[in-house]
Amino acid sequence: MTESNSPRVADVLVVGSGIAGCAAALAAARDDADVLLVTKAQKPADASSDWAQGGIATTRGRPESLKADIVEASAGTADPEAVDVLVEDASAAVTDVLVDTLNVPFDTDADGSGLDFAREAAHSEERILHVDAATGQHVLRPFLSHLADVENVEILEDTAALDLVTDEGRVHGAVLDRQASAPEEAFDEDGVAPRAPEGEAVYADATVLATGGIGDCFETSTNPAGSTGDGIAMAALAGADVADMEFVQFHPTAYDGEDSFLLSEAVRGEGAHLVNGDGERFMPEYHADAELAPRDVVARAVATEREATGEVRLDVSPLDEPFAEAFPGLAAKCEEREVDWTSGIPVTPCEHFLCGGVDVDHDGRASLDRLYAVGECARTGVHGANRLASTSLLEGLVWGLRAGRDAVGRTPLDSETLVVEAPSYRNSDPALPERFAADKFRRLRRVTSEHVGLRRNATDLGRAQAALRRLKGEVDAYVRTRTARDLFELRNASVVALLVAKAAAENPESVGCHYVVDADERATEAPTPEAE
């Protein structure tokens, strides 16, 4: 994209390779932009989109019905204009990208005459397109393969963004940590090249953040490793607005055991029941929709019943067809862990999705000029305080396409204006101990999981903020004199965790997945499950 020894320049820089980042790259490339897509991932499974099980919500010609379900699941807090954008763009985006461009092999009905639409929690009808319970794999992998063949898209894997390059409220690109060019003898015994310790500045007329979630901030999460909130942290440190950071959604049914995995809501959508340690089905006592209640309601109910009776299991015996036939991928995961699903699968709530993030408009524009955010790192307003199942892939696709198109429409900066001074980094101090970042991460996760989890109170949130501020101060001191990817990921995670704790402390009202209890006279007691 640029001559050697000159700064690397792109029309559009996309940071992140999930469905949102891929959609932004595709849209920009279609408008003849030179696109550089950089990703920490070394394989598709490193991206959250690849882990998506349930599927992608569609309107099936009834956008108002989907809109109503999104708003109701959000406890009435979703931005209605943002939801309008989602449902109005949904059909065209799915048809264009997933069907016509990628030819995703969505499941068909029993006689093969049409698509098989599933129902999930808080949906009023069957509208979820899916491929078994592994839809993300069948979307993301062909998406990346397609982009690899697009001439004006360059993909750099195993490449992290360290910081945004900014000047007077405008984003000019990012500083990357990537494998440095090196002679063969410089590679280590595993074939890994040395990294450029000073980082490499890449300049772009528009920068799109699509860095995924914050799962690494919690002890258990459905996110892949490396979900350290990089985009949110970099944007916040650069001065961009963030919003709704307290709305961290917990999925109610992660496998409760070593090597945890997600059990899609589609299983409950097909009729599975939740039973407690006494063998009793309990969800009808918590909500009229029972197992198909909004995620926040089900997650809290599962936590309550686990505490009262010792365990909760997902009973798959009520399914119309055998579990192994209906969900072969999930059955294989059970077999790998020697879980006998015929006696119920032990489940527990687990961190799943951040509904907040970098505050953006309907085209993904952030508050800083020429900065965009899409996917889980963005706060579009669609999800409000609680996300409706199977809307994350759709939101990423819709906002990715909109951001990519809008980014190309920006008036290009001339080279003298575009290339500004980038952050510089030092490696003046000795290398950190081998387990330094891992040990600090363990401390961070313990704090957030204990004090900023499924249930919150003012005292715990105050303790969390104090502990996280101390941790961030320690990390900042090391970052000033050492440059290492895991150290910057730790910095980003500490920034994001502190943003979550601070936002939670500043919101005394229970709403959606932000559930405040016992709150030292500051917060209200949450409504009972039946009232929700």
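Side-chain atoms are counted along with the backbone in the values below, which use heavy atoms only and exclude waters and symmetry mates.
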Item checked: Pairwise side-chain contact, Pro80 with Val71, heavy-atom cut-off 4.5 Å (strictly under) -> no

Item checked: Ionic contact status for Asp230 with Lys40, cut-off 4.0 Å -> yes

Check: Under 4.5 Å between any side-chain heavy atoms of Thr108 and Asp116, yes or no?
Finding: no

Check: Where is the tightest heavy-atom contact between Asn223 and Gly215, given as atom of each residue plus distance?
Finding: OD1-N, 3.0 Å

Next item on the list: Taking all non-hydrogen atoms of both residues into account, name the closest pair between Leu140 and Ile19 and its distance.
Entry: CD1-N, 3.9 Å

Note to self: Quick check: do Cys350 and Leu262 have side-chain heavy atoms less than 4.5 Å from each other?
What the structure shows: no

Note to self: Among Asp205, Asp11, Asp369, exactly one meets side-chain hydrogen bond (donor to acceptor under 3.5 Å, both in side chains) together with Arg410. Which residue is that?
What the structure shows: Asp369

Margin query: As an exercise, state the distance from CZ of Arg313 to CG of Asp256, rounded to the nearest 0.5 Å.
Written below: 9.0 Å

Item checked: Nearest atoms (heavy-atom pairs only) where Val267 meets Leu314 -> CG1-CD2, 3.9 Å

Notebook entry, point to check: Any side-chain donor-acceptor pair under 3.5 Å between Asp107 and His130?
Noted result: yes

Margin query: Go through it in stages, so that I can follow the logic: the residues are Val419 and His172, the test is side-chain contact (heavy atoms from CB on, under 4.5 Å), and I'd like the CA-CA distance, side-chain angles, deciding distance and then a yes or no.
Written below: CA-CA 7 Å; Val419 178; His172 292 250; over 6 Å; no

Check: Roughly how far apart are Arg295 CZ and His251 NE2, rounded to 0.5 Å?
Finding: 4.5 Å

Notebook entry, point to check: Between Glu126 and Arg60, is a salt bridge (Lys or Arg N to Asp or Glu O under 4.0 Å) present by the stated rule, with each step listed?
Noted result: CA-CA 9 Å; Glu126 296 174 339; Arg60 299 195 71 180; 5.0 Å; no

Item checked: Trace of the salt bridge (Lys or Arg N to Asp or Glu O under 4.0 Å) decision for Asp84 with Lys67 -> CA-CA 7 Å; Asp84 282 339; Lys67 178 180 179 178; 2.7 Å; yes

Checklist line | Distance-minimising heavy-atom pair for Glu157 and Thr159 | finding: O-OG1, 2.9 Å

Check: Would the number of heavy atoms belonging to other residues, nucleotides or ligands and lying under 6.0 Å from CD of Glu219 be above 12?
Finding: yes

Check: Among side-chain atoms of Gln249 and Asn386, is any donor-acceptor pair under 3.5 angstrom?
Finding: yes

Next item on the list: Taking atom types as modelled, find out whether His383 and Glu395 have a side-chain donor-acceptor pair closer than 3.5 angstrom.
Entry: yes

Notebook entry, point to check: Are any of the side-chain nitrogens in Glu200 or Arg8 under 4.0 Å away from the carboxylate oxygens of its partner?
Noted result: yes

Next item on the list: Starting from the C-alpha separation in whole Å, work towards a yes-or-no answer on side-chain contact (heavy atoms from CB on, under 4.5 Å) for Ile56 and Phe106.
Entry: CA-CA 10 Å; Ile56 185 164; Phe106 290 116; 4.2 Å; yes

Check: Are any of the side-chain heavy atoms of Leu393 and Leu397 separated by less than 4.5 Å?
Finding: no

Item checked: Least distance between heavy atoms, Val298 atom then Ala290 atom -> CG2-O, 4.3 Å

Notebook entry, point to check: Yes or no on side-chain contact (heavy atoms from CB on, under 4.5 Å) for Asp259 and Glu336, after CA distance, side-chain angles and deciding distance?
Noted result: CA-CA 10 Å; Asp259 194 16; Glu336 290 168 4; 5.6 Å; no

Next item on the list: Return yes when atom CD of Glu81 has more than 12 non-hydrogen atoms of other residues, nucleotides or ligands closer than 6.0 Å, and no otherwise.
Entry: no

Note to self: Run Thr228 and Asn492 through side chain to side chain donor-acceptor pair (under 3.5 Å) and show every step you take.
What the structure shows: CA-CA 6 Å; Thr228 48; Asn492 294 339; 5.1 Å; no

Next item on the list: Could you walk me through whether Glu265 and Arg268 pass salt bridge (Lys or Arg N to Asp or Glu O under 4.0 Å), step by step?
Entry: CA-CA 5 Å; Glu265 274 175 354; Arg268 283 178 281 132; 3.5 Å; yes

Notebook entry, point to check: Are the side chains of Ser264 and Glu120 in touch, meaning some heavy atoms are under 4.5 Å apart?
Noted result: yes

Item checked: Residue pair Pro318 / Gly271: nearest heavy atoms and the distance that separates them -> CB-O, 3.4 Å

Next item on the list: State, with a plain yes or no, whether a side-chain heavy atom of Val139 is found less than 4.5 Å away from one of Val131.
Entry: no

Next item on the list: Please test Ile345 against Cys334 for side-chain contact (heavy atoms from CB on, under 4.5 Å), starting from the C-alpha separation and ending with a verdict.
Entry: CA-CA 8 Å; Ile345 305 166; Cys334 289; 3.8 Å; yes

Notebook entry, point to check: Is there a side-chain contact between Arg127 and Asp69 (heavy atoms, below 4.5 Å)?
Noted result: yes

Notebook entry, point to check: Among Asp241, Asp406, Asp359, whose salt bridge (Lys or Arg N to Asp or Glu O under 4.0 Å) with Arg365 holds?
Noted result: Asp406

Checklist line | Contact check, side chains of Val35 and Leu147, non-hydrogen atoms, under 4.5 Å | finding: no

Check: Taking atom CG of Leu102 and atom CG of Leu26, what is their separation to the nearest 0.5 Å?
Finding: 7.5 Å

Note to self: With a 6.0 Å cut-off (strictly less than), is the heavy-atom count around CG of Asp320, excluding the residue itself, greater than 12?
What the structure shows: no

Margin query: Among Val153, Val97, Thr101, exactly one meets side-chain contact (heavy atoms from CB on, under 4.5 Å) together with His146. Which residue is that?
Written below: Thr101

